[in-house]
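Notes follow the structure.
Quick note on labels: first sequence line is chain A, next is B, and so on, each numbered from 1.
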Number of protein chains: 2
Amino acid sequence: MDKVSTIKDVAKLANVSISTVSRVLNGTTPVSKESSDKVYKAVEVLDYKPNAMARSLISKKTMTIAVIIPNLSNLFFPELLRGISKAVEKEGYFLIICNTDYSSEKEEKYINQMLERRVDGFIIVSSSISNEKLTQMVKGKTSVVFVYSYADFGYNIMEDGIKATYDATKYLIHMGHKKIACVGWRFKGVNVRYMGFRKALEEFNVDFRNEYVIDCGYSKEEITNNTIKLLKMKDRPTGIVAFNDDTAIAIMMAAKNMGINIPEELSIIGYDNISISNILLKPLTTISVPIHKMGVDAGKKIIEIIDNGISYSDTYREKYIPYELIERESVKAMDIDKLN
Amino acid sequence: MDKVSTIKDVAKLANVSISTVSRVLNGTTPVSKESSDKVYKAVEVLDYKPNAMARSLISKKTMTIAVIIPNLSNLFFPELLRGISKAVEKEGYFLIICNTDYSSEKEEKYINQMLERRVDGFIIVSSSISNEKLTQMVKGKTSVVFVYSYADFGYNIMEDGIKATYDATKYLIHMGHKKIACVGWRFKGVNVRYMGFRKALEEFNVDFRNEYVIDCGYSKEEITNNTIKLLKMKDRPTGIVAFNDDTAIAIMMAAKNMGINIPEELSIIGYDNISISNILLKPLTTISVPIHKMGVDAGKKIIEIIDNGISYSDTYREKYIPYELIERESVKAMDIDKLN
DNA sequence: CTGAAAGCGCTAACAC
DNA sequence: GTGTTAGCGCTTTCAG
């Protein structure tokens, strides 16, 4: 590899001091045309590129934002990323992506490494770190925006998850379903979706059955295996509330492979409305969340926080993002005679 | 924001010199237990995190790899990213993602900025920069791996695009189609897919019709509009070769909205086999490319190049990646009577 | 307008 | 073992 040239090389070739080089390159102080011409020529000849790290060391700005995100397979995340990326690039910031695989150890590790890199800010998505730890790690130390993370400080973006899942469940109930299962996660983080599910069952007097609660985490494989078990029950559910579309899709595939028709024999409602949910084998009825917009919001917000040095040290939560239930084809109304 | 502490603060608090601090933190030289204990305690108290930039300035290593990628909407790219990310994280590297929106200006800008940041290497995906420019910009200056980019130097990863598209087109021909269109891009970069399409038509003596060539770039909107036009033709094609699955999906949707059934009235073959292609409204017949594996390969390779200082300055192209045609449900065999 | 010099936070000789 | 010193590549006073 060719040796990269430094400001010194440029200065030497242009026959000026390094401060002059710095000045013409940054336009900080007026410089004679003669000098600046010489500098530009030298820069050209040497293909000089200022070292951003040396610069950052002084300016204390890295123009980079760390995105801590649990995975890239669930399309929700790339879509969010797209929004973040769009908002942030416009302002000249760059994104470093840290994939945690839903592991809190990895998440901690990455946050610390990003802190060492002195990134200007963080966007932490679906954090799986405990609140106390999170507080200790980042509160007051850097700018941060949370998305789907239940921190008790900082700026948080998400919709009302309890209500949304409540609505999804209610929808199934109103469609005449009595045997309703949920598939997702139960014990990870604050489980608003599970809470919403329970709430709806309770409120509408639908039997809650523990064997209809599938707590399987986020891996496709686990979801599939557990769903198969669920659908093999003698008394299987007629409707499933999936805690996200990614899960709903896995359930659909499992059902398809078992020869169970959707929605005739099994209704499914998802959550997220990821872009592909309407072009599936059976277009998915789901809770639609403005994913891309959330990304853009998160991106804009983190920059605002960085630029204005706002510190949302105390609890602050954006008003919940609006969501909406989209009816497509994956849920069927139960026959009247089956209603009782 | 709290002031972040430096090695100096630690040294002062621990009552040792900064070199001692550095030594215990890096384990470079033995240090007395007494000193190291004091240092650790001070680090703890001050919550000291070494400044990675200062460190990089000396070590000339940033442990970061820039990924230049045209967009995040086509699922091909997130899937590739996932592979890259997986391979690279294992070795302690981080990814900085640069979204070019298929714009060569943006691409140039980002490459230069990443050069300024002294990233250890680049993975450039689907570059839209000319070969000369690319050579001038990066050749000999940094480590780089290309994916789907037709550079005449460096390490390149891709499959034999001409042959693959030839196979896709041949498949349609063998299924009895005589009126075959292609939808994709024609003039961007080296257009191997278009070449493969033409080659098959020619070889099997199928009429080539210029109005069946839809050169519409990558935007969903353009694809949709152009497809509608194509399908409104009095003498519309019975089969379409889409240059990627993302395009195939847009075509499917357009057809659906026009009330045209797939595959009964229109056959479509895609390219990429992105993960959702088999759970679509109509599972897509497509050319399957090992996307995730390509990502992993790219990640492994760039690290190998960085670590060993290998410089693929001269033309070097990995043996083409294997691909395979996956038959699903989006292509129909034409009736015998229509064969002539 | 321009150069010399200090210093960003750290590592790596170099002495003791 | 440990402290002092010289940079890494750059920006920014401070003189002139």
Side-chain angles (χ1 to χ4, degrees), chain A residues 1-40 42-43 46-63 112-120 141, chain B residues 1-40 42-43 46-63 112-120 141:
Chain A
M1 233 66 89
D2 310 352
K3 192 188 160 298
V4 309
S5 42
T6 72
I7 197 172
K8 244 185 189 161
D9 303 322
V10 176
K12 194 178 297 172
L13 184 60
N15 207 29
V16 295
S17 73
I18 62 169
S19 14
T20 298
V21 176
S22 172
R23 287 194 267 256
V24 349
L25 261 27
N26 298 302
T28 40
T29 316
V31 171
S32 74
K33 176 140 194 335
E34 190 189 13
S35 293
S36 87
D37 283 351
K38 286 192 295 182
V39 168
Y40 282 128
V43 165
L46 296 173
D47 188 32
Y48 168 69
K49 305 237 189 314
N51 184 318
M53 284 177 304
R55 208 174 241 178
S56 296
L57 203 51
I58 300 169
S59 69
K60 268 110 175 58
K61 261 280 228 171
T62 52
M63 296 308 285
N112 277 325
Q113 297 197 9
M114 290 303 110
L115 249 14
E116 295 189 356
R117 287 186 181 223
R118 303 293 189 266
V119 296
D120 296 330
K141 294 187 182 147
Chain B
M1 231 69 87
D2 309 352
K3 193 188 160 299
V4 309
S5 43
T6 72
I7 197 171
K8 242 183 190 162
D9 302 323
V10 177
K12 194 178 299 172
L13 184 60
N15 207 27
V16 296
S17 72
I18 61 169
S19 19
T20 298
V21 177
S22 172
R23 285 194 270 256
V24 348
L25 262 25
N26 298 300
T28 40
T29 317
V31 171
S32 75
K33 175 141 194 334
E34 191 190 10
S35 294
S36 86
D37 282 351
K38 286 191 295 181
V39 168
Y40 282 128
V43 165
L46 297 173
D47 189 32
Y48 168 69
K49 305 238 189 315
N51 184 318
M53 284 177 304
R55 206 174 239 175
S56 295
L57 205 51
I58 300 170
S59 68
K60 268 106 174 57
K61 262 283 231 168
T62 53
M63 296 308 284
N112 277 325
Q113 298 198 7
M114 292 302 111
L115 248 15
E116 294 189 355
R117 285 185 181 223
R118 304 294 190 265
V119 296
D120 296 330
K141 293 185 184 151

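- Heavy-atom contacts from other residues, nucleotides or ligands closer than 6.0 Å to NZ of A:Lys33 number 12 or fewer.
- The CD1 atom of A:Ile18 sits 9 Å away from the P atom of C:dA4 (whole-angstrom rounding).
- The CD1 atom of B:Ile58 sits 8 Å away from the C1' atom of C:dA12 (whole-angstrom rounding).
- Smallest separation of non-hydrogen atoms from A:Ser56 and A:Lys61: OG-O, 2.9 Å.
- Other residues, nucleotides and ligands contribute more than 12 heavy atoms inside 6.0 Å of the NZ atom of A:Lys141.
- Taking atom NZ of B:Lys60 as the reference point, atom C1' of C:dT11 lies 12 Å away to the nearest angstrom.
- Out of C:dG3, C:dC10, C:dC14, the shortest distance to the side chain of A:Val16 is found at C:dG3.
- Using a 4.5 Å heavy-atom cutoff, the side chains of B:Met63 and B:Arg55 are not in contact.
- At the heavy-atom level, B:Ser56 lies nowhere under 4.0 Å from the strands shown.
- Of the two residues near DNA chain D, B:Glu34 and B:Arg118, the one whose nearest nucleotide lies more 5' is B:Glu34.
- Taking atom CG of residue B:Asn51 and atom P of nucleotide C:dG7, one finds them 18 Å apart after rounding to whole Å.
- For the residue pair A:Ser19/A:Ser22, the side-chain donor-acceptor check at 3.5 Å is not satisfied.
- Here the C1' atom of nucleotide C:dA5 and the CD1 atom of A:Ile7 are 14 Å apart, to the nearest Å.
- Heavy atoms of B:Ser19 sit under 4.0 angstrom from at least one base atom.
- Ranked by how close their nearest DNA chain C nucleotide is to the 5' end, B:Lys8 and A:Ser32 are led by A:Ser32.
- Judged by closest nucleotide on DNA chain C, A:Thr20 is the one of A:Thr20 and B:Ser59 placed further toward the 5' end.
- Contact annotation for A:Ser22: base contact, defined as any heavy-atom pair under 4.0 Å involving a base atom.
- Atom-to-atom, NZ of B:Lys49 to P of C:dC10 comes out at 12 Å; the value is rounded to the nearest Å.
- For DNA chain D, the outermost nucleotides in 5' to 3' order that have an atom under 4.0 Å from a heavy atom of chain B are D:dG1 to D:dG9.
- Here B:Asn26 reaches the OP1 or OP2 of C:dT11: one of its side-chain N or O atoms lies under 4.0 Å away.
- B:Val21 is listed as a side-chain neighbour of B:Val16, based on a closest heavy-atom distance under 4.5 Å.
- As a whole-Å value, the separation of A:Lys12 NZ from C:dT2 C1' is 19 Å.
- Residue A:Val31 places its side chain closer to C:dT2 than to any other of C:dT2, C:dG3, C:dG7.
- No donor-acceptor pair closer than 3.5 Å links the side chain of B:Thr29 to the backbone N or O of B:Arg23.
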